[in-house]
Amino acid sequence: MKGTELVLRALRDRGVQYIFGYTGGAIMPVFDEMEKQPGFKFVMPRHEQGATFMAQGLSRASLSTETPQVGVCMATSGPGAMNLVTGVADAHMDSIPIVAITGQVATGVIATDAFQESDVVGVMMPICKQTYMPLTAEEIEKTIHEAFYVATTGRCGPVVIDIPKDIQFAETGKNYAFDPKKFRPKLPGFYYHPTPQRDVVHKAVEMLNRSERPVMFCGHGVIASNAGALLQEFAEKSNIPVAFTLHGLSAMPLDHPLSLGMMGMHGTVEANRAVMNADLILSFGMRFDDRVTGKLNEYAANADVIHVEIDPSELDKNVATTVAINADVYRTLHVMLSDPELIHKPRRRWLKEIDDNRKETAGVEEEIARGVGDGGQLLMKTIVRRLSEITEGRDIIVPDVGQHQMMAARFYNYQTNNSWFASGGAGTMGCSLPMAIGAKLARPDERVWSISGDGGFQMNIQELGTIMEQGTDVKIMILNNGYLGMVRQWQTLFFDGRYAGTPMQSPDFGLIASAYGIPYQKVTELDQVDAAIKSAIEHDGAYILEFICDPSEVILPMIPAGGGFGDMIVSRPKA
Amino acid sequence: MTPKKMKRRGILAFVQNKPGTLNKISSMIRRKMYNVDTLTVCKAKAPGVSRMTITLREDDEAKVTQIIRQLEKFTEVIRAKELDRDQSYWREVAIVKFELEDKEYAKLKKKYQLEILDSQPHDIHIVQIAGPTERIDMFLDDVGVDHFIEIARTGVTAMDK
Ligand SMILES: Cc1ncc(C[n+]2csc(CCOP(=O)(O)OP(=O)(O)O)c2C)c(N)n1
Ligand SMILES: [Mg+2]
């Protein structure tokens, strides 16, 4: 068999339905084979970066469905492959399984600076989970199956397979046989220990039972191991409040009485104070990133830390643990829940203190109710809150990166498990539109909102072409404040209001929408907001809503970068 | 980046003998902003497996643990550990070409176990010396910096007691 046939056969055996690909000289043979072997749904992005985020959207959103899928993207050598770099690095930071397949120049000319040659393996190695370059036709299937295994096992991540053009054309020997069912990757160095040790878990339970001021952290690992419902059950059974990382959002309802909302740089007062004053932290599937911890030497100074994490290299990396549990979150929660000694402790003082702190965040509710800033322009907070109420918190939200992202994290009341897909670790502007497309393909029966700023929307605006071509029903919100708002906020707070490189002129988004045949509304008045959201919902198909927002709106609280929780800015400094 | 005063650490890793493994390991160490003191690789007993000995400088135990855990995270790394200096032998080999008068040279020959590779007229010698790093350093001190012509050192290889 020919190399290209094997590529597609392996993808089919792995249950791949969608291929997000952009062709070119070095990957043409694989595309040609796709034409001969129907069965895949092919989606062409308008830029290879779009393909990586569509693949991410598919992987992220399908994770909690009955048929989890791994997003596959394809690109040609050189510039095509280099356009994948940002999305692959982003997937690596956020532990998202995707498989990127790139064409490479023929082996005979590799390392001669051949036309469209880039050292893809060299570039990708430090920013993905694993790279491969098969050098014979026989290696192709084995490589692809191993790549899927590595991408989806343990802490997930992107893998890159770079296939030289002559290998795509190469034929296997006559005796070549490969049985995907019998295939087991030979990876003596692959470390994967999902099952926790019962005695260590029991020790953790004893610590929880003793603790008067515990707080539980819900990280991405809870979503990734589909453990949201278990976490909620555990929180209720043990009576321990839960704070969320950016990626832990939507693992359980955000308005649950034990929920503290998001913690960290833009976290709620109640979450951050709880972390500051806790005597015990029980953390599930997260990595104590600097946006979560702030200044490390002041972080959770009085707390013992129990850290449950599938990746052992995250244990004790940033925060020293008292008990480290290197295991899958779902399995660990399962063992904890079945521990007969686990008690429900009232902890009235602690919960009262937390409720008092909640009141401090409540000031923001007045702002939301007002709905407009001093200049009469719309507030993002209010728009997100209206969306949340109209959709009852049930829709899928795919934010871009910036102020609107933090607003969407804070003010949408997530009710559906795994309904929030953000670029967190990398914070890649432009991710939203393509990621929303992938999410919609994975969950066609649910409503998907892409929420972008005026800046980020223009970073992958070309994917409106994909939406047009595929007829993808993505509801698009542009929260247009005329600025790179998040940077502007830093300039307001820490750079004496010098707005260097942040004011931004945008095109007429209405004309752009009509060029792509997508209905559009511009919203400038508060009393238009609900009706506009409803018309987007009622329309069968993609819809663009542009909201003209107040550039001086800020997202608070905020812990300044490098600051400690004590430095939290809760209310806006008076100008 | 790494001032000389810091404690010298030895890391032993058994890795799959595959293209790119060395690259991956050395870039991770670079990313953590270490300057590798020495790095040696040879075949291990098991087929397809290489044995890698890395030395670098770090005082902080937690950071060394981090390096080891990140090494172990690579699928190509089968096992990695820190070598306890008191519980292992660290050795290296040097080939040294130098110019020295007969009397001095005789003294050195007596003090160190040298393998003479070549002795030419005009007092030029090429010798091989093996042993702990400190011993080789001491030998080089004894030869004296003004007398060297060329030095080649292998870097450390090590084994547990
Ligand atoms: C690709 C990329 N470039 C630059 C940044 C730095 N950055 C973070 S937020 C932000 C501003 C985003 O502006 P906009 O999309 O309008 O959203 P807003 O903050 O105004 O809601 C910038 C420039 C980034 N995160 N990603
Ligand atoms: Mg903006």
Side-chain angles (χ1 to χ4, degrees), chain A residues 89 92 95 107 110-111 119-135 139 143 146-157 159-162 185-193 287-288 296-297 307 309-321 324 326, chain B residues 1 9 11-36 39 41-54 56 58-83:
Chain A
H92 191 47
S95 311
T107 47
I110 284 182
D119 179 7
V120 173
V121 166
V123 169
M124 296 288 194
M125 196 179 273
I127 54 160
C128 75
K129 194 168 173 190
Q130 190 67 297
T131 53
Y132 297 94
M133 184 192 272
L135 290 174
E139 274 178 57
T143 302
E146 182 178 310
F148 274 77
Y149 174 81
V150 169
T152 54
T153 309
R155 178 174 177 178
C156 297
V159 296
V160 178
I161 309 171
D162 195 31
K186 284 192 198 67
L187 295 165
F190 191 77
Y191 187 91
Y192 175 52
H193 291 252
R287 58 188 173 85
F288 293 98
L296 273 173
N297 53 11
H307 190 181
E309 168 56 50
I310 192 72
D311 175 358
S313 73
E314 291 298 346
L315 297 166
D316 296 302
K317 184 179 87 175
N318 293 335
V319 170
T321 54
N326 173 219
Chain B
M1 203 54 228
R9 306 289 188 146
I11 294 169
L12 175 63
F14 288 92
V15 306
Q16 281 184 301
N17 183 0
K18 277 190 182 172
T21 306
L22 176 64
N23 182 223
K24 213 166 176 173
I25 291 174
S26 59
S27 346
M28 185 272 281
I29 293 173
R30 169 201 55 80
R31 186 175 165 218
K32 290 193 158 292
M33 301 201 291
Y34 291 98
N35 193 357
V36 167
L39 189 156
V41 194
C42 65
K43 274 191 188 152
K45 201 173 131 204
V49 178
S50 301
R51 183 192 169 99
M52 198 176 280
T53 312
I54 305 163
L56 46 78
E58 177 60 66
D59 287 333
D60 187 343
E61 297 295 331
K63 287 194 174 156
V64 180
T65 309
Q66 240 325 283
I67 298 175
I68 294 192
R69 286 196 179 152
Q70 296 216 319
L71 277 174
E72 288 200 311
K73 189 165 161 176
F74 293 140
T75 56
E76 294 84 353
V77 176
I78 300 161
R79 194 150 54 81
K81 61 177 250 179
E82 189 182 359
L83 288 159

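Here is the naming used below: chain letters follow the sequence lines, and residue numbers restart at 1 for every chain.
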(message) Counting heavy-atom pairs closer than 4.5 Å to chain B, which one of A:Arg155, A:Lys129, A:Met125 comes out on top?
(response)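 Of A:Arg155, A:Lys129, A:Met125, A:Met125 has the most heavy-atom pairs under 4.5 Å with chain B.
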(request) Below 4.5 Å from any heavy atom of chain A, which atoms of B:Phe74 appear? Answer side chain, backbone, both or neither. (result)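 Contact with chain A: backbone only.
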(request) With a 4.5 angstrom heavy-atom cut-off, could you sort out which part of B:Gln70 is near chain A: side chain, backbone, both or neither? (result)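 The answer is both parts of B:Gln70.
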(message) Using a 6.0 Å cut-off, check whether atom NZ of B:Lys43 has over 12 heavy atoms from anything other than its own residue.
(response)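 Count not over threshold, so no.
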(request) Inspect the contact between A:Glu314 and A:Lys317 and indicate whether a charged nitrogen and a carboxylate oxygen are less than 4.0 angstrom apart. (result)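 Here A:Lys317 pairs with A:Glu314 in a salt bridge, since their nearest N and O are under 4.0 Å apart.
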(request) Determine, for A:Asp316 against B:Arg69, whether the closest basic-nitrogen to carboxylate-oxygen distance falls under 4.0 angstrom. (result)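 Salt bridge flag = yes for B:Arg69 with A:Asp316.
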(request) Give the member of B:Lys18, B:Lys24, B:Lys63 that has the highest number of heavy-atom pairs under 4.5 Å with chain A. (result)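 Top option by heavy-atom pairs under 4.5 Å: B:Lys24.
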(message) In terms of relative ring orientation, are A:His307 and A:Phe288 parallel, tilted or perpendicular, with 30° and 60° separating the classes?
(response)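 Aromatic pair A:His307/A:Phe288 classed perpendicular.
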